[in-house]
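A quick write-up on the structure given underneath.
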Amino acid sequence: MSTQLSASEYLGASVFDAFAFTQTVVAGDTVHLSGMTPLRGEAGALELVCPGDLRGQTEFELDILRRSLEQAGARLADVVALTVYTTDIDGLTAHADLFRACFGAAPPAATWVQVQRLLHPGQLVEITATAVRR
């Protein structure tokens, strides 16, 4: 089973078709989430959310994570692994409170990686996750 939010909330079907991926795939009790980006809209007309604002982009992506999990019958507490890609690791660590607020006292296994560039030139962060529905 695969699910995805609508283009008005996040990315439209044309984006998933163009890049040949699905946002959320459920395999048994495991929920796999593709990298969430600070973008919304359709292929060829993507809007960057919170340009130049690492905190705002991260908040947007964590909200997409939460809503995608809910659509798949899971919740943030079900996340077991998280990978965060950023073009500014120092900036991201300054916003670690966002992750603490999402995951509380039982955070998932996580890896934070600094990269040279992400899909959109103004993109500062991308988050991917795996959850196990309980």
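Fair warning: this is a prediction, and the values are worked out from it, not measured in the lab.
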Asp90 meets the salt bridge (charged side-chain N to carboxylate O under 4.0 Å, His left out) criterion, sequence neighbours left out, with none
Tell me, please, which residues at least two apart from Thr83 pass side-chain hydrogen bond (donor to acceptor under 3.5 Å, both in side chains).
none
Least distance between heavy atoms, Gly91 atom then Leu54 atom:
C-CD2, 3.3 Å
Can you name the closest pair of heavy atoms from Gly104 and Pro107 and give their distance?
O-CD, 3.7 Å
Locate the shortest heavy-atom distance separating Ala13 from Glu42; write the atom from each residue and the value.
N-OE1, 3.7 Å
His95: which residues meet the side-chain hydrogen bond (donor to acceptor under 3.5 Å, both in side chains) condition with it, sequence neighbours left out?
Arg55
About how many Å separate CD of Glu61 and OG1 of Thr128, when rounded to the nearest 0.5 Å?
10.5 Å
So CG of Leu11 and CG of Asp17: to nearest 0.5 Å the spacing works out to 12.0 Å
Counterpart residues, side-chain contact (heavy atoms from CB on, under 4.5 Å), relative to Val115 (two or more places apart)
Tyr85, Thr87, Val113, Leu118
Any residue meeting ring pair (Phe, Tyr, Trp, His ring centres under 6.0 Å) with Phe99, in chain and number order, not counting sequence neighbours
Trp112
I'd like to know if the side chain of Thr86 and the backbone of Val125 have a donor-acceptor N/O pair within less than 3.5 Å.
no
Donor-acceptor under 3.5 Å (Gln57 side chain, Gly122 main chain)
yes
State the CG-CD1 distance between Leu92 and Ile127, to the nearest 0.5 angstrom.
7.5 Å
Who passes salt bridge (charged side-chain N to carboxylate O under 4.0 Å, His left out) against Arg100, sequence neighbours left out?
none
Which atom pair, heavy atoms only, marks the closest approach of Pro38 to Phe60?
CA-CD2, 3.7 Å
Rounded to the nearest 0.5 angstrom, the CD-OG distance for Glu70 and Ser68 is 9.5 Å
Using the test side-chain hydrogen bond (donor to acceptor under 3.5 Å, both in side chains), find all partners of Thr37 that sit at least two apart in sequence or belong to another chain.
Tyr10
The criterion is side-chain contact (heavy atoms from CB on, under 4.5 Å); which residues satisfy it with Leu119, sequence neighbours excluded?
Phe19, Leu39, Gln123
Taking Arg134 for the side chain and Asp29 for the main chain, is one N or O donor matched with an acceptor at less than 3.5 Å?
no
Just by modelled atom types, is the Cys102 backbone N or O under 3.5 Å from a matching donor or acceptor in the Arg66 side chain?
no
Could you state the interatomic distance from CG (Leu62) to CZ (Phe103), rounded to the nearest 0.5 Å?
6.0 Å
Is Val80 isolated, or which residues cluster with it under the ILVMFWY side-chain rule of less than 4.5 Å, directly or via members?
Val132
Could you walk me through whether Leu124 and Asp88 pass the side chain to side chain contact (heavy atoms under 4.5 Å, CB included) check?
CA-CA 7 Å; Leu124 304 172; Asp88 179 5; 5.9 Å; no
Go through the structure and list residues passing salt bridge (charged side-chain N to carboxylate O under 4.0 Å, His left out) with Arg75, not counting sequence neighbours.
Asp78
Residues that Ala43 engages under side-chain contact (heavy atoms from CB on, under 4.5 Å), provided they are two or more places apart:
Ser14, Val15, Ala18
Please list every donor-acceptor pair under 3.5 Å in which a side-chain atom of residues 45-52 meets a protein atom from a residue at least two apart or in another chain.
| from | atom 1 | to | atom 2 | distance (Å) |
| --- | --- | --- | --- | --- |
| Glu47 | OE1 | Arg40 | NE | 3.2 |

